[in-house]
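Here you go, one structure.
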Amino acid sequence: MKKILQNINKKPKWLKTKITVGSNYKELKTMVKNKNLNTVCEEALCPNIYECWERRSATLMILGDVCTRSCGFCSVITGKPIWDDPKEPLRTAQAVKQMGLKHCVITSVNRDELADGGAKIWSETVKLTHELNPECSVEVLIPDMKNKDDSLNIIFKSRPEILGHNMETIPRLYKSVRPQARYDWSLSVLQKSKKFGLKTKTAFMLGLGETSEEVFELINDIYKTGCDILAIGQYLQPTKKHLPVQRYVDPEEFKIYKNYGLELGLKWVESGPLVRSSYKADLQAKMSMS
């Protein structure tokens, strides 16, 4: 595999994005602010926000903006959540309608302090979003729910068009990248959702210290769950308090992993430096429903 010596203090040219602020982007930006909505597009500093919002595809974040976990890569605040809004599912569904979204991705912080992990709020949100937006496909990106069947089944029964849960990284790096998560839990979430009959999706990052052999093994494990869609992107350090970037992965290496996943039998692999879990999610939804 091609090796490139890099200065990791300087981002390579392939990570530069073109900022195009169109009318759709401006409209969604205003709505998000006025409706006091949380979006992972903004919270996670996504580089594709301009492109996705211009296509009227956005990722809303429910259950507040404070997470009970302290993942080493994530810019969302860690702490004791105080968010408690039983009307949030309806507000979210109404926001999707007002924003005119064609495809909506809904995600959340981890709420480990709740008995069901927030599963009932999740279920109600998906159901109301479908009810108020019959022509909008719904994709969920859920936490692992500690792999509890009761919580997972509550969400599964709401029947989102796509059920996503991110692996994030290779098992060796879980202690630093996802210290309160478990690799086997995440694989199990994908297996269970697929067994339930849902279209499944996951994503992971490169540049945290993984080897190419470990990446191939991770893709193999993902394929064995029956997962349909995989997204692979470059890790970018959100602040100096987060894990440092170990290397910037060349676009050609991303192509190798994409081809490998497709050859295994994954239905869709999105792989590139700027790819995030919800990148081109609207196009993937159309594919999965065709």
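As the structure is a prediction and not an experimental result, all values here were calculated from the model.
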Q | Sub-6.0 Å ring centroid separation between F216 and Y260 | A | yes
Q: Using a 4.5 Å cut-off on heavy atoms from C-beta on, say whether the side chain of T202 contacts that of H165.
A: no
Q: Using the side chain to side chain donor-acceptor pair (under 3.5 Å) rule, pick out the option among N147, D144, D149 that qualifies with S188.
A: N147
Q.
Are there over 12 heavy-atom neighbours, none belonging to Y183, within less than 6.0 Å of that residue's OH?
A. yes
(Q) For D150, I'd like to know if atom CG has over 12 heavy atoms of other residues, nucleotides or ligands within 6.0 Å. (A) no
**Q.** Exercise: do S158 and W122 side chains pair donor with acceptor under 3.5 Å
**A.** no
Q. Should P143 and S108 count as side-chain neighbours, where that means a heavy-atom distance under 4.5 Å?
A. yes
Q. Have T169 and E210 got a donor and an acceptor in their side chains that come within less than 3.5 Å?
A. no
Q: Determine, for D85 against K87, whether the closest basic-nitrogen to carboxylate-oxygen distance falls under 4.0 angstrom.
A: no
Q) Hey, are E124 and K127 close enough for a salt bridge, meaning a charged N less than 4.0 Å from a carboxylate O? A) no
**Q.** Distance, nearest 0.5 Å, that separates NZ of K224 from CG of L264
**A.** 9.5 Å
Q: Flag the pair P251 / E253 as yes when at least one side-chain heavy-atom distance between them is below 4.5 Å, and no otherwise.
A: no
Q) Can you check whether I232 reaches V275 side chain to side chain, under 4.5 Å on heavy atoms? A) no
Q. Should the pair K148-D116 be classified as a salt bridge under the 4.0 Å nitrogen-to-oxygen rule?
A. no
Q) Do R69 and D112 touch side chain to side chain, with heavy atoms closer than 4.5 Å? A) yes
Q) Should the pair E161-K199 be classified as a salt bridge under the 4.0 Å nitrogen-to-oxygen rule? A) no
(Q) Evaluate K120 against I154 for side-chain contact (heavy atoms from CB on, under 4.5 Å), listing each step before the verdict. (A) CA-CA 7 Å; K120 291 184 179 65; I154 289 172; 4.3 Å; yes
Q.
Hydrophobic clustering (ILVMFWY, side-chain heavy atoms < 4.5 Å, transitive) - are L90 and V138 grouped together?
A. no
Q | Residue pair S186 / R178, side-chain donor-acceptor N/O under 3.5 Å | A | yes
Q: First locate atom CZ of R111, then atom CG of L63, and finally report the distance between them rounded to the nearest 0.5 Å.
A: 5.5 Å
(Q) I want to check something: taking the side chain as every heavy atom from C-beta on, are I229 and T200 in contact at a cut-off of under 4.5 Å? (A) no
Q.
Can you confirm whether S212 sits close enough to Y257 that some side-chain heavy atom of one is under 4.5 Å from a side-chain heavy atom of the other?
A. yes
